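What follows is one structure encoded as structure tokens, with my remarks underneath.
By convention here, the first residue in the shown sequence is residue 1. Nothing here was measured: the structure is a model prediction, and the numbers come from that model.
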Amino acid sequence: MLDTTATTETAAPRASLTEGIDPVRLKRLKEQEYRTMYWLIVPVCLVIAIVARLFPRWDAFHSTHREPRRGVFGEASHMAHTVIPFAFWR
């Protein structure tokens with residue numbers, strides 16, 4: 001018969017990536033990451049906003065809520081601020 005009561009190996013707990021990092025430093029790193037992603041995504045959103053203006057029937061970000069019309073750069077910024085939080089959603 002096999003002895004199943006023998007010592008069992010327990011997995012060592014995995015250390016968190018943020019363990020041991022100062023909370024203020026961690027907040028700054030997250031803010032820096034957000035700003036970097038913002039400036040990388042805004043050009044893509046700017047192209048989408050321009051195309052949406054050129055073809056009014058084509059609206060990539062159609063909403064049922066009526067919002068005041070923004071300029072192209074304002075619309076691109078709004079799109080970027082809408083999309084980026086999903087990257088941080090874990």
Side-chain angles (χ1 to χ4, degrees):
M1 263 185 127
L2 293 173
D3 183 17
T4 57
T5 60
T7 60
T8 58
E9 293 181 31
T10 58
R14 296 167 75 179
S16 173
L17 294 175
T18 59
E19 187 176 312
I21 296 179
D22 178 33
V24 175
R25 178 172 159 71
L26 182 61
K27 183 180 178 189
R28 275 193 223 125
L29 289 173
K30 286 184 177 184
E31 288 171 354
Q32 182 182 11
E33 184 179 8
Y34 186 91
R35 282 191 305 270
T36 302
M37 289 182 68
Y38 175 81
W39 288 111
L40 290 173
I41 291 177
V42 164
V44 175
C45 293
L46 185 61
V47 170
I48 293 170
I50 291 171
V51 169
R53 286 290 172 96
L54 292 175
F55 303 102
R57 290 185 180 180
W58 183 80
D59 191 3
F61 290 94
H62 177 71
S63 174
T64 57
H65 303 291
R66 289 288 173 207
E67 297 179 1
R69 190 163 176 132
R70 298 179 185 93
V72 176
F73 292 106
E75 190 66 32
S77 178
H78 177 71
M79 284 184 212
H81 284 297
T82 303
V83 170
I84 292 174
F86 291 104
F88 289 92
W89 195 6
R90 297 178 194 178

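Linking Ile, Leu, Val, Met, Phe, Trp and Tyr residues whenever their side-chain heavy atoms come within less than 4.5 Å leaves V42 and L40 in two separate clusters. L29 and W39 end up in different hydrophobic clusters when Ile, Leu, Val, Met, Phe, Trp and Tyr side chains are linked at under 4.5 Å.
Looking only at distances, a side-chain donor or acceptor of T36 sits under 3.5 Å from a matching main-chain atom of Q32.
We find the CD-CG distance between E31 and L26 to be 10.0 Å, quoted to the nearest 0.5 Å. If you take NZ on K27 and CG on D22, they are separated by 12.0 Å, rounding to the nearest 0.5 Å. From F73, atom CZ reaches atom CD1 of I50 across 7.0 Å, with rounding to the nearest 0.5 Å. Considering OG1 of T82 and CD of E75, their distance stands at 8.5 Å, rounded to 0.5 Å.
Annotation for I84 and Y34: closest pair CG2-CE1, 3.2 Å, computed over non-hydrogen atoms. Scanning both residues, A76 and C45, for their nearest heavy atoms gives O-CB, 3.5 Å.
V24 is listed as a side-chain neighbour of R28, based on a closest heavy-atom distance under 4.5 Å.
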